[in-house]
Amino acid sequence: MIDYSVLPMFLAACFILVISPGPDLLLIGSYSSKQGVKSGAAITLGIFVAGILQTLFVAFGLAKLLTIIPMLSVALKLMGALYFLWLGLKLIQQWYAHGEASAAPLQSVNKSGAQLFLIGMLNNLLNPKALLFFALFLPQFTHNGADIFLQILTLGFILIFVALLINLALSVVFSIAGKKLANKFKIGRYVDGILGLLFITLAGRLAFSSEQGV
């Protein structure tokens, strides 16, 4: 169905994509180091579901609408920026509230698995760069000798399963690192504030980026 000669190159590209710094890795690293591997796994599963949806969008040609209809691309970009801004402000608010009630244990402000799953899924779905990347990346590894729709589905599912395995492994690594750092520096209480500032920065970059950069 797919051209197996390009599969090693495709898998290498998938690996580089997953470990590249971005909103998804930021979430996994932050919550795994703070709340443990289960939190990173919940975010990873949310990202996985978002990847399934984006693969289907690309396979059915919906992602091309972002390039065909410029205003749709702008609207999606602003939606993503507003979501990142809202998430950043909520994290800063949570950090401030935890600081005001410092007598309360850190676990009391931890998010549930369902909340983290939703955050991971929305974080990926509302990032227009992720959808455009799927739309531009997957077709490069297709060929005319087989059904394009099936090739896109196959490559997309390979990509998201590779991402799932790597992100789960990263959740374990960040969780272990977070415990060691927390014991030495007690930085866990500052994670929400730092993460909030980073997401506000991402919101600004996304909102004011050029159309070519979306």
Side-chain angles (χ1 to χ4, degrees), residues 14-54 79-127 129-130 159-206:
C14 290
F15 177 79
I16 294 172
L17 165 67
V18 176
I19 65 172
S20 298
D24 291 342
L25 189 61
L26 182 61
L27 275 180
I28 293 170
S30 298
Y31 280 104
S32 295
S33 62
K34 176 188 171 184
Q35 296 185 198
V37 65
K38 290 184 178 180
S39 296
I43 291 174
T44 295
L45 289 176
I47 295 169
F48 176 74
V49 171
I52 293 175
L53 294 175
Q54 288 172 338
M79 268 179 69
L82 286 173
Y83 173 73
F84 285 164
L85 177 62
W86 174 82
L87 184 59
L89 292 175
K90 288 288 290 184
L91 287 165
I92 290 177
Q93 181 185 37
Q94 180 174 293
W95 165 73
Y96 179 76
H98 178 67
E100 288 291 298
S102 56
L106 183 62
Q107 184 66 28
S108 65
V109 296
N110 282 356
K111 288 182 170 58
S112 68
Q115 288 175 313
L116 291 172
F117 173 87
L118 186 61
I119 288 174
M121 184 174 68
L122 290 176
N123 183 71
N124 194 273
L125 283 178
L126 291 178
N127 183 1
K129 292 186 177 182
L159 169 57
I160 60 177
F161 273 107
V162 168
L164 176 67
L165 295 176
I166 294 175
N167 285 335
L168 287 174
L170 289 174
S171 297
V172 175
V173 172
F174 283 125
S175 177
I176 295 172
K179 289 178 182 177
K180 291 184 177 180
L181 290 174
N183 291 334
K184 289 185 177 181
F185 303 107
K186 300 187 183 299
I187 61 172
R189 69 185 63 182
Y190 304 112
V191 169
D192 283 340
I194 296 170
L195 187 59
L197 289 174
L198 289 173
F199 269 100
I200 290 174
T201 302
L202 287 172
R205 289 183 59 187
L206 181 58

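What you see is a predicted model; the values in this text were computed from it and never measured.
- By the ring-ring contact (aromatic ring centres under 6.0 Å, His included) test, F161 pairs with F48, sequence neighbours left out.
- If you run side chain to side chain contact (heavy atoms under 4.5 Å, CB included) between N167 and each of D24, V18, I160, V162, only V18 comes through.
- By the 4.5 Å heavy-atom criterion applied to side chains, I28 and I47 are counted as neighbours.
- Between S171 and G40, the shortest heavy-atom contact is OG-C, 3.3 Å.
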inquiry  = Would I19 and L25 count as a side-chain contact (heavy atoms from CB on, under 4.5 Å) here? Give the steps.
reply    = CA-CA 7 Å; I19 65 172; L25 189 61; 5.6 Å; no

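- For S39, the side-chain contact (heavy atoms from CB on, under 4.5 Å) partners are Y31, Q35, L116, not counting sequence neighbours.
- The side-chain contact (heavy atoms from CB on, under 4.5 Å) search around L118 returns M121, L122, not counting sequence neighbours.
- Nearest heavy atom pair, residue G36 against residue S175, reads CA-OG, 3.5 Å.
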inquiry  = Checking L26 against N123 for the side-chain contact (heavy atoms from CB on, under 4.5 Å) test, could you report, in this order, the C-alpha distance in whole Å, the side-chain angles of both residues, the deciding distance, and whether it holds?
reply    = CA-CA 11 Å; L26 182 61; N123 183 71; over 6 Å; no

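- Heavy-atom minimum distance, L27 versus G120: CD1-CA, 4.4 Å.
- Remark: F174 pairs with no residue by the ring-ring contact (aromatic ring centres under 6.0 Å, His included) rule, at least two apart or across chains.
- Residues V37 and L168 form no side-chain contact, since every pair of their non-hydrogen atoms from C-beta on lies 4.5 Å or further apart.
- Between A42 and G113, the closest heavy-atom pair is CB-O, 3.5 Å.
- L45 and L164 get closest at one heavy-atom pair: CD2-CD1, 4.1 Å.
- Side-chain contact between I119 and I43: absent, with no pair of heavy atoms (C-beta onward) separated by less than 4.5 Å.
- Here L85 pairs with L89, I200, A203 under the side-chain contact (heavy atoms from CB on, under 4.5 Å) rule; sequence neighbours left out.
- For L53, the side-chain contact (heavy atoms from CB on, under 4.5 Å) test picks out F57, L125, with sequence neighbours left out.
- In this structure, the side chains of L170 and I166 come closer than 4.5 Å at one or more pairs of heavy atoms.
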